[in-house]
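Let me begin by presenting the structure, written as structure tokens, before commenting on it.
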Amino acid sequence: MRKVKIAVVAGARPNFMKVAPLISELNKIGAFDTVLVHTGQHYDREMSAIFFKELGLPAPDKYLGVGSASHAVQTARVMEALEKYFLKLRPDLAVVVGDVNSTLAASVVCSKMLIPVAHVEAGLRSFDRTMPEEINRIVTDSLSSYLFTTSPEARINLLKEGAKPAAIYFTGNVMIDTLKKLKKAAERRNTLAEMELNKNGYALLTLHRPSNVDDRESFVKIIKALKYISTKLTVVFPAHPRTVKQLSKFGLAGLLKGADIRLIKPAGYLDFLNLMANSKFVLTDSGGIQEETTVLGIPCLTLRNNTERPITVSQGTNLLVGGESSAISAAADKILNNSFKKAKIPRFWDGKAAVRIASILKREFSNRK
Ligand code: UD1
């Protein structure tokens, strides 16, 4: 009997830790032939290859090599290359994850080719359509036949937008599957010693959202807060390539000089997990890091005014502080004075989300054949 062919599509850094447990669990089910497509949206070693190695991902079956470009051009390149490939491959199902341009492009291509789409991490909404990811989430969810969610409010968001209740499955957080699996390996690394850091002796920062780094004034406000924080403890800053580019475009690199802010290359998965777990607190505008810090029990200051992951605020360690220098500095002081909220881990963020997803797909597809 022919196996059910599942194409798993990944393109950018935050996708890789989500597809790793999915591929592993789908492969354990003998009924599936799983194919991994890497769109090439991220291509630097630090943004891509290192994750394949550390997460134990198989080499992609197909690399589309789309690279960086404007949103329209990048999305169009993925669509063009993927359609061509899928015309040959003819998958029975495409699995897409997260909210990057590759996610949107794959869901549009598949829908028009009548290939059903499963969206892992469905239903997250920031209700801020100036964020490119919000557009990607809305379009992908509206086209998906299987909507796998990480939290209860995602279901409410999806139902409000007209999703069929039977298409929504609360399966948990696949990113946390990867974190649980690799936490011990991350702890074994010598990251702190190599960087001459002490446990709890530094704050960890990531920053790359267009709203924070594409506008000079917003970027300067954040840097001011960082300079203040760095008078209290070291700030470790693995910088995304677009952030480095913007720093130099706006002539802001000099502002960091003299401050205890360590601008380093993007870290691999294990070093970054080690850095998060041992930090005093994390400052970020990333989505996934809000979730990871919640599970690690590390305070997280999110440099945004909204989040598509409100459960990390209501249950977890996340606090939205926006982009004003004084608000960021005040929140950091609160943590340094050891008065930060207590938190718990959301339901189904337990390391078994991919197992749940694979077993639902097995049931769905064995019923069909
Ligand atoms: C993308 C995702 C974002 C995610 C982020 C994580 C979209 C809309 N955005 O944003 O949701 O949080 O990834 O990293 O899909 N670049 C390199 N090397 C690379 C990749 C990018 O130098 O390997 C540089 C290029 O100059 C590029 C810029 O970074 O123009 C932005 O990359 P892009 O993939 O367009 O978006 P991200 O900002 O990475």
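Note that the structure is a prediction, hence the values are computed from the model and not measured. Both ligands and their constituent atoms are indexed starting at 1 by order of listing.
- Against a heavy-atom cut-off of under 4.0 Å, Gln74 is close to the following atoms of ligand 1: 34 (O), 35 (O).
- Looking at ligand 1, you'll find an N or O of His42 within less than 3.5 Å of one of its N or O atoms.
- Listed here is the closest heavy atom pair of Thr294 and Thr317: OG1-N, 3.1 Å.
- Residue Arg13 approaches ligand 1 through these ligand atoms, each under 4.0 Å from one of its heavy atoms: 14 (O).
- Between Lys265 and Asp271 there is no salt bridge, since no side-chain N of the basic residue sits under 4.0 Å from a carboxylate O of the acidic one.
- In this structure, CD on Glu121 lies 9.5 Å from OG on Ser151, to the nearest 0.5 angstrom.
- When hydrogens are left out, the protein atom nearest atom 17 (C) of ligand 1 is Tyr43 OH, 3.3 Å; that is the closest non-hydrogen contact.
- In this structure, Arg77 does not pair ionically with Glu80, as no charged nitrogen and carboxylate oxygen lie closer than 4.0 Å.
- Checked by atom type and distance alone, the side chain of Lys341 pairs as donor or acceptor with a backbone atom of Asn318 at under 3.5 Å.
- Ranking protein heavy atoms by distance to atom 27 (C) of ligand 1, first place goes to Ser68 OG, 3.2 Å.
- Looking at Arg356, Lys180, Lys181 one by one, the single match for salt bridge (Lys or Arg N to Asp or Glu O under 4.0 Å) with Asp350 turns out to be Arg356.
- Of all the heavy atoms of Glu133, the ones lying under 4.0 Å from any atom of ligand 1 belong exclusively to the side chain.
- Taking a 4.0 Å cut-off on heavy atoms, Pro14 registers as neighbouring ligand 1.
- The aromatic rings of Phe250 and Phe219 stand perpendicular to each other, their planes meeting at an angle above 60°, with 30° marking the opposite boundary.
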Under the side-chain hydrogen bond (donor to acceptor under 3.5 Å, both in side chains) rule, what do Ser48 and His38 come out as? Steps first, then yes or no, please.
CA-CA 10 Å; Ser48 175; His38 184 342; 2.9 Å; yes

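- The part of Arg209 lying near ligand 1 is the side chain, judged by heavy-atom distances below 4.0 Å.
- Between His71 and ligand 1 there is a heavy-atom distance shorter than 4.0 Å.
- Note on ring orientation: taking the six-membered ring where Trp is involved, the planes of His240 and His208 are parallel (angle under 30°, cut-offs 30° and 60°).
- Closest heavy-atom contact between Arg125 and Leu158: NH2-CD2, 4.1 Å.
- The protein heavy atom nearest to atom 22 (O) of ligand 1 is Pro241 CB, 3.2 Å.
- For atom 18 (N) of ligand 1, the nearest protein heavy atom (residue, atom name, distance) is Asp44 OD2, 3.0 Å.
- The atoms of ligand 1 that sit less than 4.0 Å from any heavy atom of Met47 are 14 (O), 19 (C), 23 (O).
- Nearest to atom 2 (C) of ligand 1 among the protein's heavy atoms is Val100 CG1, 3.6 Å.
- Considering only non-hydrogen protein atoms, atom 4 (C) of ligand 1 sits nearest to His208 NE2, 3.7 Å.
- Among protein heavy atoms, the minimum distance from atom 28 (C) of ligand 1 is reached at Arg242 CB, 3.8 Å.
- If you check which protein heavy atom lies closest to atom 8 (C) of ligand 1, you get Asn101 OD1, 3.2 Å.
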